[in-house]
Protein chains: 2
Amino acid sequence: MYAPSTRPVVLDPHGAANACTHCDARAHSVCNAVPDSDVARLAAIAVVTTAQPGTTLIQEGDPASHFVNISAGTVRMYKLLPDGRRQITGFAGVGHFLGLAVSSTYAFSAEAIDTVRYCRFSRARLHTLLDDYPAMEKRLLEIASTELVAAQDQMLLLGRKTARERLASFLMLQSRQGVMCQSPRGRFVLPMSRGDIADYLGLTIETVSRTITKLRSEGYIDVPSATEIAIKAPAALEGLALGNA
Amino acid sequence: MYAPSTRPVVLDPHGAANACTHCDARAHSVCNAVPDSDVARLAAIAVVTTAQPGTTLIQEGDPASHFVNISAGTVRMYKLLPDGRRQITGFAGVGHFLGLAVSSTYAFSAEAIDTVRYCRFSRARLHTLLDDYPAMEKRLLEIASTELVAAQDQMLLLGRKTARERLASFLMLQSRQGVMCQSPRGRFVLPMSRGDIADYLGLTIETVSRTITKLRSEGYIDVPSATEIAIKAPAALEGLALGNA
DNA sequence: CGGTCACTTGATCGTCTTCAATACCAGTGG
DNA sequence: CCACTGGTATTGAAGACGATCAAGTGACCG
């Protein structure tokens, strides 16, 4: 059904329509603004692609010719300074929509963290669709607003929180997002490396590692493996995230 | 023409229509999506208000019942931690639009820095207008996207730049925005206090003050008075902002 | 003038960074 | 089965940048 590699699968309208109808991301995404009956039109302009870990989906400064919708995996969005310092502005998982831009070029880069399946839409084609589905436009505004709220939270974190509070905030956020997919209560997998976490929280790898170790030794969390986290005291950790000592 | 105090001036359609037609903010704002001929409809739902310095226009957590459009003055948007730490997420000047929210409550607060004149629109009423003017909806999406790009830049600043680089970035940004209104080349007025700048850049008042002094003594800028800045070496300062030593 | 308030300047302190070494884990090949 | 390798994570010690605490300056205003 889906393309196993980077080969697009768009030319068979029925197959493609099914691809959209049964897409894991559809429920959480822009696409749900299009009714099932018309989903073929959406499918007709979507190019389904798979990206291996480390692949660049969007490159800062490139012409903003496409939108991207994630249907599996996790992506990191980031900006770089000329000397290589990196700030990760967010992680995008299933259902997330990338590529909103005012100017003609992308303002950030996006890379696959693990194996990522996604749909590419030509900007121009999606815009013509938008005229027929005002609900979709409203949905885009909703998405942009949500991102804006998240960005403001992140500014508060980066500007005013301590390393400890940043990690607490981050782990609580991940646990909330992980809950949808992961099974055991309060336990989840971090798809990103310590380096990614550091560049997301405005810290160094060492500080992230030390702080996680400390939170573990204090009984807030369990760390079964480097990529797994279990939150043992969610309320207390949420308190930490908000600055309660 | 405009209300001199907090008294709304909406009931005279012709007066109100003129208020919108000749509004300083119209050219830069959402309102330019509405044609001159229909501007009365916009004016009919706008409540023009004046806020004294320090007044709260929007309170984080309150029901998000209104949109706000600034027609004169400057506003600071911010978020607080329970213990009082503050992060200013942005400054909004003439033409800026506030109040985008997904949830039913505002995600941030907004206060007048100087005397601010603004229009309030009921969320519900503006939404009905939006159905008649899809261009206005597009404009809102554009605005949200622009804000998002600015937010990402600010995350890079807060997470990865030094105090020196933050001040350089901030001054360059202010000079760009000031250019529209201020007369002499590269010279402008900062409407906000050192404390506001500090809370915007994730620093303390002392560090802001010291860093400005240093930039002055190094010949990058002139500081005729505490609220005035003249940029003497724009290119070099832009370089600083991007990390060139 | 005396008061307040914002800003500036100075001295000390602490958190996080930097530099460096070690541990760990998965994969590969002897 | 175990040594070897490369990459990632952890831990340790020293250092730096910005925060904190504290005093001093200047402008505005009754």
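Values in this document were obtained by computation on a predicted structure and should not be read as measured data. Residue numbering restarts at 1 for every chain, and letters A, B, ... go by the order of the sequence lines.
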Listed by chain and number, what are the salt bridge (charged side-chain N to carboxylate O under 4.0 Å, His left out) partners of A:Arg166, not counting sequence neighbours? none
What is the distance, to the nearest angstrom, from the CG atom on A:Asp199 to the P atom on C:dT17? 11 Å
Strand-adjacent residues in residues 75-88 of chain A, judged by heavy atoms under 4.0 Å from DNA chain C: none
Pick out which of A:Thr89, A:Ile88, A:Leu57 makes a side chain to side chain contact (heavy atoms under 4.5 Å, CB included) with A:Arg76. A:Ile88
Dump the intermediate steps for ring-ring contact (aromatic ring centres under 6.0 Å, His included) on B:Tyr78 and B:Phe108, then the final yes or no. CA-CA 6 Å; B:Tyr78 63 91; B:Phe108 61 88; 8.8 Å; no
Report the residues that fulfil salt bridge (charged side-chain N to carboxylate O under 4.0 Å, His left out) with A:Arg160, sequence neighbours left out, ordered by chain and then residue number. B:Asp199
Mind calculating the distance between CG (A:Leu157) and C1' (C:dC16) to the nearest angstrom? 15 Å
Test salt bridge (charged side-chain N to carboxylate O under 4.0 Å, His left out) applied to B:Arg26 - qualifying residues, sequence neighbours left out: B:Asp36
Quick one: salt bridge (charged side-chain N to carboxylate O under 4.0 Å, His left out) partners of B:Glu165, sequence neighbours excluded? A:Arg85
Which letters describe nucleotides 9-22 of chain D, given B = protein heavy atom under 4.0 Å from base, S = only from sugar-phosphate, - = neither? SBBBB----SSBB-
Side-chain ion pair, B:Lys161 and B:Asp153, N-O less than 4.0 Å: no
Decide, yes or no, whether a salt bridge links B:Glu206 with B:Arg210 under the criterion of side-chain N to carboxylate O below 4.0 Å. no
